[in-house]
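Here's the structure, in structure tokens; my notes come after.
What's counted below: heavy atoms across the whole structure, side chains too, no hydrogens, waters or symmetry copies. None of the values given here were measured: they were computed from a predicted structure.
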Amino acid sequence: METREDDERMVNAAHASAFHWAAAPECKPENRARSEWQISRVYTVLGRGEPAVWHAQRCLEWCESAGIDDWDLAYAYEALARAHAVSGTGEAGAWKAKAREAGDAIADPEDREHFEEDYATL
């Protein structure tokens, strides 16, 4: 996602990855949440707010329904903050605050450091 040379290909690749993970026998709710996060991030990069919000919400739903927390939950909130910022809904700040709180609770220091790097770009 470093360039915008092939936006359609990027969107299709994110959706294809999600499709294949969903069909994989070893697929867990974490994989589904991460797939939705990835799709949301692609749409955010492309400035397409409505699908970015929809997929970020799906990421959060996977986390909540499966009891997933730690960095997956922090990134679900991060995705919602980014998506709402692109959408201009006025909700980005609230989601950013939730991301901050969840990010502070990430147990693994390396995971927390990675989250901090991404959070700093919100």
Transitive ILVMFWY side-chain link W21 to I39, under 4.5 Å: no

Neighbour count above 12 (heavy atom, 6.0 Å) for E8 CD: no

Those residues that, when tested against D72, pass salt bridge (Lys or Arg N to Asp or Glu O under 4.0 Å) (two or more places apart): R34

Counterpart residues, salt bridge (Lys or Arg N to Asp or Glu O under 4.0 Å), relative to E61 (two or more places apart): R58

With N31 via side-chain hydrogen bond (donor to acceptor under 3.5 Å, both in side chains) - residues at least two apart: none

Qualifying residue for side-chain contact (heavy atoms from CB on, under 4.5 Å) with V42, from L46, V45, T44: L46

Minimum side-chain heavy-atom gap I68-P29 below 4.5 Å: yes

Heavy-atom side-chain contact between W71 and D108 under 4.5 Å: no

Derivation and outcome, side chain to side chain contact (heavy atoms under 4.5 Å, CB included), residues S17 and Q38: CA-CA 9 Å; S17 175; Q38 183 179 33; 3.7 Å; yes

Ring centroid separation H15 to H20 under 6.0 Å: no

Spacing of CG belonging to D111 relative to CD belonging to E113, to within rounding of 0.5 Å: 10.0 Å

Solution key, residues 92-106 side-chain donor-acceptor pairs under 3.5 Å, sequence neighbours excluded:
unit_1 : atom_1 : unit_2 : atom_2 : d
R100   : NE     : D104   : OD1    : 3.1
R100   : NH1    : E116   : OE1    : 3.2
R100   : NH2    : D104   : OD1    : 2.9
R100   : NH2    : E116   : OE1    : 3.3
R100   : NH2    : E116   : OE2    : 2.4

Ignoring hydrogens and angles, write down the donor-acceptor pairs under 3.5 Å from the side chains of residues 73-83, residues two or more places apart or on other chains.
unit_1 : atom_1 : unit_2 : atom_2 : d
Y75    : OH     : H114   : O      : 3.4
Y75    : OH     : D118   : OD2    : 2.6
E78    : OE1    : W37    : NE1    : 2.8
E78    : OE2    : R41    : NH1    : 3.3
E78    : OE2    : R82    : NE     : 2.3
E78    : OE2    : R82    : NH2    : 3.2
R82    : NH1    : T121   : OG1    : 3.4
R82    : NH2    : D118   : O      : 2.7
R82    : NH2    : T121   : OG1    : 2.6

Under 3.5 Å: donor-acceptor pair, side chain of S40, backbone of H55: no

Residue pairs passing the salt bridge (Lys or Arg N to Asp or Glu O under 4.0 Å) test where at least one lies in residues 16-32, sequence neighbours excluded: none

